[in-house]
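Keep in mind that the numbers below use all heavy atoms, side chains included, and drop hydrogens, waters and symmetry copies. We name chains A, B, ... by the order of the sequence lines, and we start the count at 1 in each one. Because the structure is a prediction, the values reported are computed rather than measured.
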Amino acid sequence: MTQTSEARETYDVHAVQEKWLPVWDELAPFRSGDPDDPRPPMYVLDMFPYPSGDLHMGHAEAYALGDVVARYWIQRGYNVMHPIGWDSFGLPAENAAIKRGVDPRAWTYDNIRIQRESMRRYACSFDWDRVLHTSDPEYYRWNQWLFLRFFEKGLAYRKPSLVNWCPKDQTVLANEQVVGGLCERCDTPVTKKKLTQWYFGITGYADRLLEDMAALRGSWPEKVLTMQRNWIGRSTGADVEFAIEGRGEPVTVYTTRPDTLHGATFFVVAADSDLAAELAMGSPAEGEFTQYVGKVRAESEIERLSTDREKTGIFLHRYAVNPVNGERLPIWAADYVLADYGHGAIMAVPAHDQRDLDFARAFDLPVRVVVDTGDEDPASSGIATSGEGRLVNSGPLDGLDKAAAIARITDLLVEGRNGRAAVNYRLRDWLISRQRYWGTPIPIVHCPTCGEVPVPEDQLPVELPPSEGLDMQPKGTSPLGGANEWVSVDCPRCGGPATRDTDTMDTFVDSSWYFLRFTAPHRNDVPFDPDEVARWLPVAQYVGGVTHAILHLLYARFFTKVLYDLGMVAFTEPFTRLLNQGMVGMNGSSMSKSRGNLVRLSDELDAHGVDAVRLTMVFAGPPEDDIDWADVSAHGSARFLARAWRLSGDVQSAPGVDASAGDEGLRRQTHRAVDEATRALESFRFNVAVARVMELVNVTRKAVDSGCGAADPAVREAVEAVAVMLSLFAPFTAEEMWARLGHQPTVARTGWPVVDPALLVEESVTCVVQVAGKLRDRIDVPPDVSDETLRELALASRSVQRALEGRGVRTVVVRAPRLVNVVPA
RNA sequence: GCCCCGAUAGGCCAACUGGCAGAGCCGAUGGUCUCAAACACCAUUCAGUGUGGGUUCGAAUCCCACUCGGGGCACCA
């Protein structure tokens, strides 16, 4: 191999970075707000960050991937809106305030400044004209405004309930923020507490959240859809009313197995429910019951969740009456029945429900089989049977199968007016109150005479009082309660003395509609501009971590449907396509916020340069896979980029030279590389697209050194294609190459290379000839060879004849022009 | 316990609707350069696709069972 450049130039990545940043600042190639822009609009959105310190490896991966998508569609001629903002309310700011005595506001905005500058240096293709921060009063006023719309529709309401409580953060948590019984933020075991809190009525949207997922199939990861489906947890069954001896009102229970109604042998109410307390009152077991409830309340979620714990409960000395046969069922209070699911009470059918059977065996209660499944009697086996079978011991249901029995009993219950078909959801209403400072104040005034009074719109935003002088220490009530002057207000309705609600909203409220605000972040008269929303939304491509598969994405979908019902948007799903990127780890351990950063992004950027880090993130594998930084090589990426850059200095033809006169072999390789890279990009196989560019660099290097030579116009065509394609992954290198090729900045807006289909057609293809599925010969044929000709060519092959060993030919499978399979007799 | 997803070279990963298992990167080995090393460059290397069946002319790809790994839900009646 000839050595073309003796004194090899070296590629100074850091100098190149410093060179182009100010140029891009000046050109602002990613502005999307020109109303006369003729390009078709497209909305590409990265999940916005929380401003906790500087960017880390996870951000670097996410924004590298989001940038590939945004920059690709820009090259394809779209006016891409790719905005960024900060999800800047939340606990860490407050914790920093407590720990270091700094103002949460100052801490937050300092971090935003740092992250913003890091994003600039990382060459993120954001439209910097559209920045928003959810902690700005101009933003959170619209949280409050939307809250009031929800309140008017009855979708925001207050109720007393047992709520998840984090003893460390001293605040309530939504169901979604309790992970495996631990606080999502601080991993403290969560307990229950009875509090009156604000909720959003998401359960009323459960069916729509479920059904509308059909439209997302194929464009959202199946995994995310499955997780949402599980979370919503729809089940169908029946409500059945049981009379209670000595009580006027019957009690309704929900069951998914109404067919087993005749198998009920006892009745259980949730120990921590109001109903249990009422039934226990005056009973001989009252004292025992009170003690039991105390114990249950004190238990942490983690204890409750343990599956192999023993069943506990108290017999209340009361009886329920089975509506189908008049049997008296003893009523027990137990903690295995949940107060906030269904009606907080169940009919227990131990023969066909494992939990009921475990309880029956613990307390020696009868077991009656009503579905003959052919399995061993649960009373002796200890295993409840839930399979198919014929109904027995069930009066009018005897002989029916499960489905028929469910239909029949449901009809009978309706006739007897003591039951009906029913649907239940695992999903609970969304608890949005937080007893913290750094969030959106809930715009409600509590008046002793008028009750809950909304703050009038012209008084929005209800701004947070200064943090100075407020006690931020977690103490179970909001720090805002200490801001006496702020709390005391005149009731907007009657003018009398009243107090503000001192809780703040869950920060997931902020992120449930921010994607709408990006269309016009500076409008202060509306939350978002309907015309702009119509122009840009729904988001064509959303990019973010799978950690938000349930929480954020479910809430945002819910908000969108509510806004649709309010007539504010014309679509019901906010994100048309979703790409989940994986996480970045090191040597098998993850690098999450809580576990500390094993690899510092700034170190990697210093060592290898921005482009090499970005390229490594994209090239490491499919975007949704996790990356182990130990498995990939930023150094290898840097080496490749230097090789690509070197090519741009080798090109000897002039800009604008006619490529059609160039070397055809190289031209074919170039056009095929662009074609394949394009297809890979559109199906999110970014790593494959990068491989195609690497391949093109390799063949171009060979063409320069030992092929057509550096002066051939095909070399320029190839290197220009490399530069444009690299602009998605390695913007600095691409820009520098573009300049060295004699062009003006910026390569980011140059346009995607156009593939000449004529150059994709091969002159001849290698046809594989198999005998009995085994490779026996290869023959070169024209790409348009006919089946007939190919068949004859193959049969004429000496290797084929040898492989046939004189046997006859049974069939010949011909797939022109690539393959022939000769099947011997 | 239930439900998803995955398993291809020493590592990370490719392989369009079933059709030559290998595109790319890392590593390793050899060479060039060097006083030497590092860097760089050139070249070489390695699997028959987790296991067992099935469908097919033909299976990494489709089907069934299992193993291992990852994830989700889990006392939700």
A:Arg229 side-chain N/O to B:C3 phosphate OP1/OP2 under 4.0 Å: no
Gap between atoms CZ and P, on A:Arg701 and B:A40 respectively (whole Å): 15 Å
Below 4.0 Å: OP1/OP2 of B:G27 and any side-chain N or O of A:Arg639: yes
Sugar-phosphate, base or nothing in reach of A:Arg643, heavy atoms under 4.0 Å: sugar-phosphate
Atom-pair distance (NE2 on A:His343; P on B:A77), nearest Å: 12 Å
Whole-Å gap separating P (B:A15) and CZ (A:Arg685): 5 Å
Rounded distance in Å between the P positions of B:A37 and B:U32: 11 Å
Sugar-phosphate, base or nothing in reach of A:Ser235, heavy atoms under 4.0 Å: sugar-phosphate
Sugar-phosphate, base or nothing in reach of A:Val768, heavy atoms under 4.0 Å: base
Nucleotide B:A77, atom C1' - distance to CZ of A:Phe267 in whole Å: 12 Å
Same-atom distance (P) from B:C26 to B:G71, integer angstrom: 30 Å
Assigned partner base of B:C35, Watson-Crick or wobble definition, under 3.5 Å: none
Nearest-neighbour nucleotide for the A:Asp353 side chain, B:C75, B:A77, B:C25 considered: B:A77
Presence of A:His635 side-chain N/O under 4.0 Å of B:A40 phosphate oxygens OP1/OP2: yes
Sugar-phosphate, base or nothing in reach of A:Gly233, heavy atoms under 4.0 Å: nothing
Sugar-phosphate, base or nothing in reach of A:Arg679, heavy atoms under 4.0 Å: nothing
Selected nucleotide, minimal atom distance to A:Arg426 side chain, candidates B:A74, B:G72, B:C75: B:A74
Interatomic distance at P, B:C16 relative to B:C68, whole Å: 30 Å
A:Asp650 with A:Arg646: basic N within carboxylate O range, under 4.0 Å: no
Whole angstrom value for the distance that separates C1' of B:C5 from NZ of A:Lys223: 7 Å
For B:A14, the Watson-Crick or wobble partner whose two distances fall under 3.5 Å: none
Nearest-nucleotide 5' precedence on RNA chain B, A:Pro622 against A:Arg257: A:Pro622
Distance between P atoms of B:G31 and B:U49 (Å, rounded): 35 Å
Polar side-chain contact A:Gln770-B:G19 base: donor and acceptor under 3.5 Å: yes
Under-3.5 Å donor-acceptor pair between A:Asn230 side chain and B:C73 base: no
Nearest-angstrom distance, C1' atom, B:C57 to B:G18: 12 Å
Whole-angstrom distance between B:A38 and B:U61, as gauged at atom P: 44 Å
Distance in angstrom units between A:Asp628 CG and B:C26 C1', rounded: 13 Å
Sugar-phosphate, base or nothing in reach of A:Arg692, heavy atoms under 4.0 Å: base
Opposite nucleotide pairing with B:C68, Watson-Crick or G-U, both atom distances under 3.5 Å: B:G6
Glycosidic conformation of B:G48, taking syn as within 90° of 0 and anti otherwise: syn
Phosphate OP1/OP2 of B:A77 contacted by A:Tyr341 side-chain N/O (<4.0 Å): yes
Separation of B:C25 P from A:His608 NE2 (nearest whole Å): 18 Å
Pairing of A:Asp353 and A:Arg257 as salt bridge, 4.0 angstrom limit: no
Nucleotide paired to B:A77 in any strand shown, Watson-Crick or G-U, under 3.5 Å: none
Which residue lies more 5' along RNA chain B, comparing A:Thr226 with A:Asn821 via nearest heavy atoms: A:Thr226
OG1-CD distance between A:Thr700 and A:Glu695, expressed to the nearest 0.5 angstrom: 10.5 Å
Sugar-phosphate only, base, or nothing, as touched by A:Thr811 at under 4.0 Å among non-hydrogen atoms: nothing
A:Glu695 side-chain proximity, nearest of B:A23, B:A77, B:C12: B:A23
Atom pair distance, as rounded to whole Å: CZ in A:Arg234 and C1' in B:C73: 18 Å
N/O (side chain, A:Asn687) to phosphate O (OP1/OP2, B:A23) under 4.0 Å: no
Pair assignment for B:C46, Watson-Crick or G-U wobble, requiring both distances under 3.5 Å: none
Exercise: do A:Asp429 and A:Thr203 side chains pair donor with acceptor under 3.5 Å: yes
Selection from B:G24, B:G11, B:A77 that lies nearest to any side-chain heavy atom of A:Asp631: B:G11
Whole-Å P distance, B:C13 and B:A36: 40 Å
Identified side-chain contact (heavy atoms from CB on, under 4.5 Å) partner of A:Val771 from the options A:Asn821, A:Val823, A:Val800: A:Val800
P-based separation of B:A7 from B:C12 [nearest Å]: 12 Å
Presence of salt bridge, A:Arg685 and A:Glu676, under 4.0 angstrom: no
Sub-6.0 Å ring centroid separation between A:Phe363 and A:Phe266: no
Output field: ring centroids A:Tyr199/A:Trp430 closer than 6.0 Å: no
Test: A:Asp787 and A:Arg791 ion pair at under 4.0 Å: no
Sugar-phosphate, base or nothing in reach of A:Asp358, heavy atoms under 4.0 Å: nothing
